[in-house]
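Structure, as C-alpha cells:
In each ligand, atom 1 is the first atom listed, and ligand 1 is the first ligand listed.
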Amino acid sequence: MKYLSLLLLLAASSAFAQPAPKPYGPLPTQGQLNWQETGMYCLIHWGPDTYTDKEWGYGDEDPKLVNPSNFDAMQIVGAAKAGGFKGIIVVAKHHDGFCLWPTKTTEHNISKSPYKNGKGDILREYREACDKMGMKMGVYCSPWDRNSALYGKPEYVTEVYRKQLKELYTNYGPLFITWHDGANGGDGYYGGAREVRKIERSTYYGWDETWGIARKLQPNAVIFGDVGPDIRWVGNERGQAGETSWATYTPHAPDAGKKPGNGYVKDYEGTEGHRDGEFWMPAECDVALRPGWFYHKRQDDSVKTPQKLLSLYYQSVGRGAALDLGLSPDRTGQLNTNDVQSLKQFGDVLRRTFALNLAKGATLTASNTRGNNKTKYGAASLLVDSRYTYWATDDKVKTPELVLDMHQPKTFNIIRLRENIKLGQRVEEVAVDAWQDGKWEEIAKATSIGGNRLIRLQNDVSASKVRLRITKSPVCIALSDFGLYKEAKLNDVAFLIDNSKPPKF
Ligand code: FUL
C-alpha cells in the first residue's frame with residue numbers, strides 16, 4: 001500500500017512536471033489574439049461620395065452636400081450585430097479628405113455641413129451605438145487626402161494626418177483596430193491646386209512614427225496595413241483568403257528590408273502568407289456587401305445574398321483570416337432594407353449552425369497525451385469552449401490520432417479545428433475519417449490550421465465515430481478545438497424571419 005501511494009505520487013508529480021510545449025515560430029500579441037477572437041467586423045463607408053454617387057471623391061465636394069435626413073448609428077450597428085459581426089470600423093475620412101468628426105485639423109469636416117446645424121459628430125454617435133450594443137469600434141482615416149493643400153509636403157503628415165489620428169485615438173474610447181488603406185497619391189483638388197501629386201508610399205508617412213501614436217494611445221488596437229504591421233491585407237477585395245493561409249508573413253518592402261512597413265508589397269503573397277514568415281501577421285479579407293464601398297441606388301438589387309456571405313465566411317474566417325464586410329448607409333443615413341435583411345439572414349444561419357457542437361459528449365481516445373497528463377493536456381480540452389485549453393502530445397509525437405465515439409450516428413457537414421495559437425501556428429496538415437460500413441473512410445483534408453479552420457463538406461456525413469489524423473506538423477501539437485456542426489438551412493431561417501420569430505438557441 002505504502003509503495004503504491006509512492007508510485008502514484010511519483011507518476012503524478014512527473015506528469016505535472018511535464019512543461020508546456022515550447023512555442024513554435026512567431027507568436028501573436030494580445031491585440032492580435034483579441035482580433036482573432038473578433039473574427040468578423042464591418043467597414044462603414046458614408047460621406048460626400050454617398051451624395052455625389054462616386055467611389056473616390058476629388059476633394060472639392062461641398063460639405064453642405066452631407067445632409068442626412070435620418071442618420072441612425074443604432075440602425076447601422078444593430079444590423080451589423082444581427083449579422084453576427086462583433087465590431088465596426090468607421091471610415092472617419094476617405095480619400096476626399098472630408099472628416100466625419102469636428103476635427104481641429106481642417107475646415108473640411110462635419111461641422112460645416114447642415115447636419116445638426118454644424119454640431120454633429122458621426123464618430124461620437126457610432127461610439128455610443130457600439131457601447132449600447134456591446135460592439136467593438138475601429139477607425140479608418142485615409143492617409144491620402146485629396147482635399148488638403150498640404151498633401152505631398154512633410155507638414156501634411158505632421159500637422160494634419162498624425163493630428164487627425166491623435167484626435168481619433170484620444171476622443172472616441174477604446175479602439176480594436178486602426179485601418180490604413182494603401183491607395184496613395186494621384187490627382188486631386190489639393191486646396192485648389194487641382195494637380196497630380198505623387199508621394200513615396202513607403203517613406204512619406206514615416207510609418208514607424210505614425211504607428212507609434214497608435215501604440216501609445218491605443219495599445220490594445222491592432223494596426224492594419226497592406227503589409228501590417230499587425231494585420232496584413234489578403235491581397236484582393238473579394239473576401240477570400242487562400243485555401244492554405246498562414247498567419248505568419250514576411251513583408252517585401254525593398255526599402256524597409258524585411259521590416260513591416262506600408263511600402264511596396266507583393267500583394268498576391270498576402271493571400272496565403274508564408275509558412276516560414278518572420279512575423280505573426282494574419283490576413284484580413286475586406287469585401288463590400290454591395291459592388292461598391294459607398295452607397296449607389298442602382299446597386300440596391302446587387303446586395304450580396306446570405307448564401308454568398310456564407311461562402312465568403314468559410315473562405316475568410318474559416319481559413320483563419322478575418323472578414324471585414326463593407327456596409328454603405330444611404331443618403332438618409334441608414335442601411336437599405338435589402339442590406340439589413342441579408343445581414344440578418346446570414347447572422348441567423350451562423351448562430352443556428354454553430355449553436356450545437358455535435359461532438360460534445362463523445363468518448364475521446366487519443367493516441368498520445370503529453371506526459372500522460374490527461375488533466376492538463378488531455379483531448380477533452382477540445383470540447384471545452386476555450387481557444388486556449390488544449391490537447392498536447394509529447395515532443396516527439398507530431399502526427400497523433402484521435403477517435404471520437406459519439407455512441408450514435410450524428411449528421412454533420414462542417415468540421416472545425418483550432419490550435420492554441422498562443423503557442424504559434426504548428427499544424428500543417430490534417431485528415432478526418434468517418435466510420436462508414438465497418439471501416440474508416442477519409443472525408444476531409446485541410447492545411448494550415450491556426451486560429452480557426454472550417455471545413456465545409458460537399459455532402460452531409462452521418463457517422464457515430466470520427467477520426468482526426470494530424471498528418472504533418474514540425475513539432476508536437478497544441479490543438480484547442482474540434483467541432484462537428486450541421487449547417488442550418490437558409491430556408492428555415494427565412495421562414496422564421498417571415499414570421500418575425502427569432503430562432504431560439
Ligand atoms: C481602398 C480604398 O481605395 C477604397 O475606396 C475603399 O475605402 C477600400 C476599403 O480601401 O484602399
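- The neighbour count for Glu209 CD, taken as heavy atoms of other residues, nucleotides or ligands under 6.0 Å away, does not exceed 12.
- Residue contact check: Leu43 has heavy atoms under 4.0 Å from atoms 9 (C) of ligand 1.
- Aromatic ring centres of Tyr126 and Phe71: separated by under 6.0 Å.
- Taking only nitrogen or oxygen atoms, main chain and side chain alike, Asp286 does not reach within less than 3.5 Å of ligand 1.
- For ligand 1, the polar-atom distance check finds no N/O of Trp179 at less than 3.5 Å from any of the ligand's N/O atoms.
- At distances below 3.5 Å, at least one donor-acceptor pair connects side-chain atoms of Lys304 with backbone N or O atoms of Ala288.
- Atoms of ligand 1 found under 4.0 Å from any heavy atom of Asp181, numbered from 1 in the order shown, are 11 (O).
- In this structure, Thr332 contributes its side chain and Pro68 its backbone to no donor-acceptor pair below 3.5 Å.
- Residue contacts with ligand 1: Phe294 is excluded, as none of its non-hydrogen atoms falls under 4.0 Å.
- The nearest heavy-atom contact from the protein to atom 3 (O) of ligand 1 is His95 NE2, 2.8 Å.
- Between Tyr140 and His94, the ring planes are parallel. Angles under 30° get that label, and only those over 60° would be called perpendicular.
- Residue-ligand proximity, His94 to ligand 1, at heavy-atom distances under 4.0 Å covers atoms 4 (C), 5 (O), 6 (C), 7 (O).
- Below 4.0 Å from some heavy atom of His45 lie the following atoms of ligand 1, by number and element: 6 (C), 7 (O), 9 (C).
- The aromatic ring centres of Tyr151 and Tyr156 sit less than 6.0 Å apart.
- Between Trp207 and His180, the distance separating the two ring centers is shorter than 6.0 angstrom.
- Distances from atom 1 (C) of ligand 1 to the heavy atoms of His180, Glu55, Glu237 show the closest one on Glu237.
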